[in-house]
2 protein chains.
Amino acid sequence: MKMSEIAELAGVSIATVSRAFRSPEKVRPEVRERILRICEKHNYIYNAAAGDLSRQRTNILGVLVPTANKSVFGDTVMAIQEKAQELNFSTITGNTLYDKSIEEKLLLQFQERRVAGTILTGFTIGGEEFIRQLMRQKIACVVIWEKLDAPDINYVGFDNYKAAYGATDHLISLGHKRIGLIVGPHEKVGRVKKRFEGYKRALEDHGLTFDPSIVVSTEPDLLEGRQAMQQLLSAPQPPTAVFAASDRLAIGGLATIKERGLRVPRDISVVGFDDVEFAAYCDPPLTTVRVPAKEMGSLAVKVLHDAIVNGNEKVKQYCLDTDLIIRGSTAEPRKSSFGQ
Amino acid sequence: MKMSEIAELAGVSIATVSRAFRSPEKVRPEVRERILRICEKHNYIYNAAAGDLSRQRTNILGVLVPTANKSVFGDTVMAIQEKAQELNFSTITGNTLYDKSIEEKLLLQFQERRVAGTILTGFTIGGEEFIRQLMRQKIACVVIWEKLDAPDINYVGFDNYKAAYGATDHLISLGHKRIGLIVGPHEKVGRVKKRFEGYKRALEDHGLTFDPSIVVSTEPDLLEGRQAMQQLLSAPQPPTAVFAASDRLAIGGLATIKERGLRVPRDISVVGFDDVEFAAYCDPPLTTVRVPAKEMGSLAVKVLHDAIVNGNEKVKQYCLDTDLIIRGSTAEPRKSSFGQ
DNA sequence: TTGTATGCGTTATCAA
DNA sequence: TTGATAACGCATACAA
């Protein structure tokens, strides 16, 4: 069933049928009614691809995310889909697994589908030029989960540097002098690098020395967090507190601490990053940095929508707030640490 | 840049260019080379929508999931996307939030995009007829996370009934006589209903009476699990073990138990369902039912691919295995329960 | 192996 | 307010 058949049944031209959908005000109400009834009756379903082709524009959004199931990316992806649906956009989502070649394949797929816009979760370091290339193809872009320095690229993110600084600062202000770090792949991922730098800077600002022997960089996952914590606890001079730059890492670390018969926060403090839902249900509940996962998703869609539908050319850059959620996993270091 | 321009530059017809992509064997190697080089040089990007329109067939898959960020659905969705990408399919994913009207909107969107196939995560009870309707529109369908009775509908699921039976049976065989249940919305969701029935039947088979006063049905989430457990513990005769038909529910419940100063599994045993990654990191590690989340996703895509690309008409029904993962949250009931 | 010509289901321009 | 018709970018049947 296509428009021309509906047109015939309704005794009008195909153009009128099209208008009945896209600009109802331009067609006489009775005619419109008749058309819609016939569509209903014969179960007509609009062909979006044909329409897109003719209109030279789709309402598909491409979404690139490292892993939709990990961390709180899932919340972001879901918020994107909800908002997109609300604004009558379809989304096609791809998981890059932090892999450059997959990312490229996905992006090509997006281009072939002529997506109207793309949402990039962070980007590979040095990827600005790549994004500009997309923009030149008239594809609206917005980077999320990151705050960029580039003045010409949309983003809806938060300050990873500042958030990490704050988390570390929290530990310092509790009196910790020896603070370990478990962090993701900071060589590859911009936002992770920023967290690393925030940690380091907080240390330096308070006259604490940065000690690479209590810093572990690994994949941001539970098992890896577990192993990383083993490494930290086995250091010649183990830390009294650890900042894990992702909750998965932190929760994995908690397991190791428990295995060793140590207690949190009595023997060691731990702060995470993300505030995944389970963080509040850990034992003890995890002190962590809450990130505006859902907000970023829906706001990013709004930015794209505004650029695509309203043709708004202005660069939009939103740096949202994060919150340090203090729960039970952080406390002052044991007095014994100081020689009791 | 479109095919006709490439054709001109290459000094061949547009048909040849098209063939260079879709049936390379039908074009002389040198010509093909030349065409590809020119495409490369001028940065030609294939227009999938135009191709789809002409070919009267897309390679888009529609994926319907209750919530992509909850439970282990995220694993399934991601597996779907990976497999789809591997087979050169795009996926468009929608979250229904268990809402009938959203589901319908999403499905309409899928139809408008002329998806070649859809993956439905379970379905609303009585939705068989609806699926058949999609099938009549030549849309390949496969239901996941569920085992269906209908002989004509593809599915890649597991036996929710049996899995729940097994979990309950585990508790019974440990010696528990009074076993509570926390379960999702079993009136709405087929697979949840099956779990409910599995629990009930296990009780009956062992001569234990089903007591509605220690059964709570609620949204399958952490907070709800917490509240449900409060309700169970406040019952006139509280259970010595609880089967929570989702890990989120179980983990929420664990928090309540801890708050009350009780200990797991000494005072009460808990078994969950899903085996989310955090289950192994709970305190104590959660005994739970592992579900083949990723396998279902990739296998479902394969089924669709086979039906779409190879035109395989045979109904495919896969019932995958689940495993009861026994960890630290279940044990024999305290002797005192029996009157010590 | 290559080219010609037609069709895919819409939208949009221009007249009526 | 409506209709006729030319795009839109590609695939394919058929002819060469």
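First the proteins, then the strands, lettered A, B, ... as listed; each starts at 1. Predicted model, so just to flag it, every value in this text is computed and none were measured.
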Length of the line joining [X]:[atom1] and [N]:[atom2], which is rounded to integer Å:
{"X": "B/Glu112", "N": "C/dC8", "atom1": "CD", "atom2": "C1'", "result": "17 Å"}
{"X": "A/Gln56", "N": "C/dT11", "atom1": "CD", "atom2": "C1'", "result": "10 Å"}
{"X": "A/Ile14", "N": "D/dA6", "atom1": "CD1", "atom2": "P", "result": "14 Å"}
{"X": "B/Met3", "N": "D/dA7", "atom1": "CE", "atom2": "P", "result": "20 Å"}
{"X": "A/Glu5", "N": "C/dC8", "atom1": "CD", "atom2": "P", "result": "10 Å"}
{"X": "B/Arg57", "N": "D/dG9", "atom1": "CZ", "atom2": "C1'", "result": "18 Å"}
{"X": "A/Ile45", "N": "C/dG9", "atom1": "CD1", "atom2": "P", "result": "13 Å"}
{"X": "B/Lys26", "N": "D/dA11", "atom1": "NZ", "atom2": "P", "result": "12 Å"}

Can the ring centres of A/Trp145 and A/Phe73 be said to be less than 6.0 Å apart? yes
A/Arg19 backbone acceptor or donor facing A/Arg22 side chain under 3.5 Å: no
Minimum heavy-atom separation for A/Thr91 to A/Ala84, with atom names? CG2-CB, 3.5 Å
Go nucleotide by nucleotide along DNA chain C from the 5' end; which of A/Arg55 and B/Glu25 gets its closest nucleotide reached first? B/Glu25
Taking for each residue the nucleotide of DNA chain C bearing the nearest heavy atom, is the 5' side occupied by B/Ser13 or by B/Ala50? B/Ser13
What contact category does [X] fall into here, base, sugar-phosphate, or nothing, at under 4.0 angstrom with non-hydrogen atoms?
{"X": "A/Arg19", "value": "base"}
{"X": "A/Lys2", "value": "sugar-phosphate"}
{"X": "A/Val12", "value": "sugar-phosphate"}
{"X": "B/Phe21", "value": "nothing"}

D/dC10 phosphate, OP1 or OP2, under 4.0 Å from B/Ser54 side-chain N/O: no
Is the phosphate of D/dA11 approached by B/Arg22 (side-chain N or O, under 4.0 Å from OP1 or OP2)? yes
A/Phe89 vs A/His305 aromatic rings, parallel, tilted or perpendicular, using cut-offs 30° and 60°? perpendicular
Nearest to the [X] side chain among [options], which nucleotide is it?
{"X": "B/Ala15", "options": "D/dT2, D/dC10, C/dG3", "value": "C/dG3"}
{"X": "B/Ser18", "options": "D/dA11, C/dT2, C/dT11", "value": "D/dA11"}
{"X": "A/Leu53", "options": "D/dA11, C/dT2, D/dC8", "value": "D/dC8"}
{"X": "B/Tyr46", "options": "D/dA11, D/dG9, C/dT11", "value": "D/dA11"}

Can you confirm whether A/Gln137 is buried at CD, in the sense that more than 12 heavy atoms of other residues, nucleotides or ligands lie under 6.0 Å from that atom? yes
